Amino acid sequence: MIIVMRDDATQEEIKQVMSRVEELGFTTHPSRGAKKMIIGIIGDLNREELIESLGAYPGIDKLVPILDPYKLAGRTFSEDPTVIEIKEGLSIGDKKIMIMAGPCAVENEEQVRVTAEKIKEYGATVLRGGAFKPRTSPYSFQGLEEEGLKILRRVGNETGLAVITEVVDPRDVELVGNYTDIFQIGARNMQNFFLLKEVGKTRKPVLLKRGLSATYNEFLMAAEYIMSEGNYNVILCERGIRTFENYTRNTLDLVSIPVLKKLSHLPVVIDPSHGTGHWDLVAPAAKGAIAMGADGLIIEVHPEPTKAMSDGQQSLKFEKFASLVEELKKIAAAVDREL
Ligand code: PEP
Ligand code: MN
């Protein structure tokens, strides 16, 4: 259920309604949209009882039932698209498209620094890099762990880029949170509910990647896990799903952009690197994504892809990344966005 407050409702009236609802044993999720103040009420509730208890409160405009299974992530909760502030002066979900770029894995400080300087010069605002690498094989490089986090933070501070990195274990949320600006939840962990709840207890933005074979419903329910803990700063990321086709690493589902935007108010980011698995398919996929309304891209870039410790085959060299951003600017302008 959503309580829609009147436009002229006072702070005091809003507070009174919230405490009454909490007294009745429900959790409240207030949200101030561009026009209206709404209060989401989550819990097993009897509508008649609630109407009776709240009927006499001034300030309430109406009570609207939420039929979406994903109550907080769904469109009913917010008609306006959500804009998430990553840090001062940097947001996602507004007119400006966000480019996140960097190596698949943090390998050493020099690699991260040269990459960061280049991607910044070409227009990225967020530096990506994995310090904990969940690899298909336990014998592959597993990441530099805390040393990798320190490198990302140092380089992020030096360049002014925000940092995104993956957290794979609920026990590491605090550690990773000390270094990163955005938590990345990997595709393999999309339904690791303990991990989702743990990042949900923080207030840091979370980029949630779609699971390898997750439906939209499962994807949005995973977002709901994070939001139900009070962290509304969730960014959805389509990174390709598994289908019968195996020429590409995954099948990048670009239609997910309009679908997710119809079902949810959360920003949508596309990962054309994992979505295709081939460096030469990254640019066309990225261009398609912007044309279809994505709010951002997360792209793997490496100074020397042939020597990369992971995902070199899908990583862009600096020059390719630079020319891609130039082409993306034209597409962004055509769909009334900026880059
Ligand atoms: C990554 O971004 O490096 C990564 C491991 O992505 P995914 O979880 O989408 O496979
Ligand atoms: Mn990768």
Side-chain angles (χ1 to χ4, degrees), residues 98-107 111-112 115 119 124 126-138 140-145 148-149 151-152 162-169 172 176 180-192 195-196 199 205-214 218-219 222-223 226 234-243 246 248-254 256 260 268-279 281-282 285-286 289 294 296-317 321:
M98 179 174 283
I99 307 287
M100 312 183 194
C104 178
V106 174
E107 297 166 12
Q111 168 230 23
V112 175
T115 309
I119 60 154
V126 181
L127 172 66
R128 65 147 289 152
F132 293 91
K133 291 308 302 174
R135 307 298 298 282
T136 302
S137 164
S140 302
F141 173 60
Q142 301 287 310
L144 295 184
E145 305 189 347
L149 298 174
I151 292 174
L152 283 170
V163 165
I164 178 168
T165 198
E166 181 167 353
V167 57
V168 295
D169 188 322
D172 289 338
V176 177
T180 198
D181 299 300
I182 309 172
F183 287 116
Q184 177 174 323
I185 301 289
R188 290 157 195 79
N189 272 316
M190 189 205 82
Q191 282 186 320
N192 182 340
L195 181 60
L196 300 179
V199 292
V206 179
L207 179 122
L208 175 66
K209 289 191 145 195
R210 183 179 183 185
L212 272 67
S213 56
E218 289 162 341
F219 190 16
I226 301 170
V234 180
I235 304 160
L236 303 170
C237 177
E238 159 64 33
R239 46 77 72 201
I241 47 172
R242 182 152 297 182
T243 66
N246 59 11
T248 45
R249 180 175 179 177
N250 291 292
T251 297
L252 184 63
D253 176 15
L254 288 183
S256 67
L260 291 169
V268 178
V269 161
I270 292 291
D271 176 344
S273 309
H274 295 86
T276 62
H278 299 265
W279 67 266
L281 298 178
V282 169
L297 295 167
I298 179 160
I299 302 176
E300 286 183 341
V301 176
H302 196 283
E304 272 184 290
T306 50
K307 298 201 179 137
M309 291 177 87
S310 79
D311 288 351
Q313 75 291 349
Q314 65 190 35
S315 299
L316 296 187
K317 292 183 185 164
F321 177 72

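First listed ligand is number 1; within each ligand, the first listed atom is number 1. Sequential numbering from 1 along the given sequence is applied to the chain's residues. Since the structure is predicted, the reported quantities are computational estimates derived from the model, not experimental observations.
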Practice problem: Give a yes or no on whether the backbone of Ser273 and the side-chain of Asp271 come within a donor-acceptor separation of less than 3.5 Å. | Solution: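 Checked: pair present.
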Quiz item: Gln184 side chain to Ile164 main-chain N or O, any donor-acceptor pair under 3.5 Å?
Solution: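 Answer holds: no.
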Exercise. Tell me, with the steps shown, if Thr165 and Phe132 meet side-chain contact (heavy atoms from CB on, under 4.5 Å).
Key: CA-CA 8 Å; Thr165 198; Phe132 293 91; over 6 Å; no
Quiz item: Among the protein atoms near the Mn ion (ligand 2), how many are N, O or S and lie under 2.8 Å away?
Solution: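 With waters ignored, the protein N/O/S count below 2.8 Å is 4.
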Quiz item: Side chains of Asp311 and His302: donor-acceptor distance under 3.5 Å anywhere?
Solution: no
Quick one: [atom1] on [X] to [atom2] on [Y], what's the gap to the nearest 0.5 Å?
X	Y	atom1	atom2	answer
Ile119	Ile99	CD1	CD1	10.0 Å
Glu166	Ile185	CD	CD1	7.5 Å
Ser315	Glu304	OG	CD	12.0 Å
Gln111	Met309	CD	CE	9.0 Å

Quiz item: How would you list, by chain and number, the residues with a heavy atom under 4.0 angstrom from ligand 1?
Solution: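 Residues Cys104, Arg128, Lys133, Glu166, Gln184, Gly186, Ala187, Arg188, Lys209, Arg239, His274, Glu300 each place a heavy atom under 4.0 Å from ligand 1, listed by chain and number.
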Self-check item: Pro103 to Arg128 - nearest heavy-atom pair and separation
Solution: O-NE, 3.1 Å
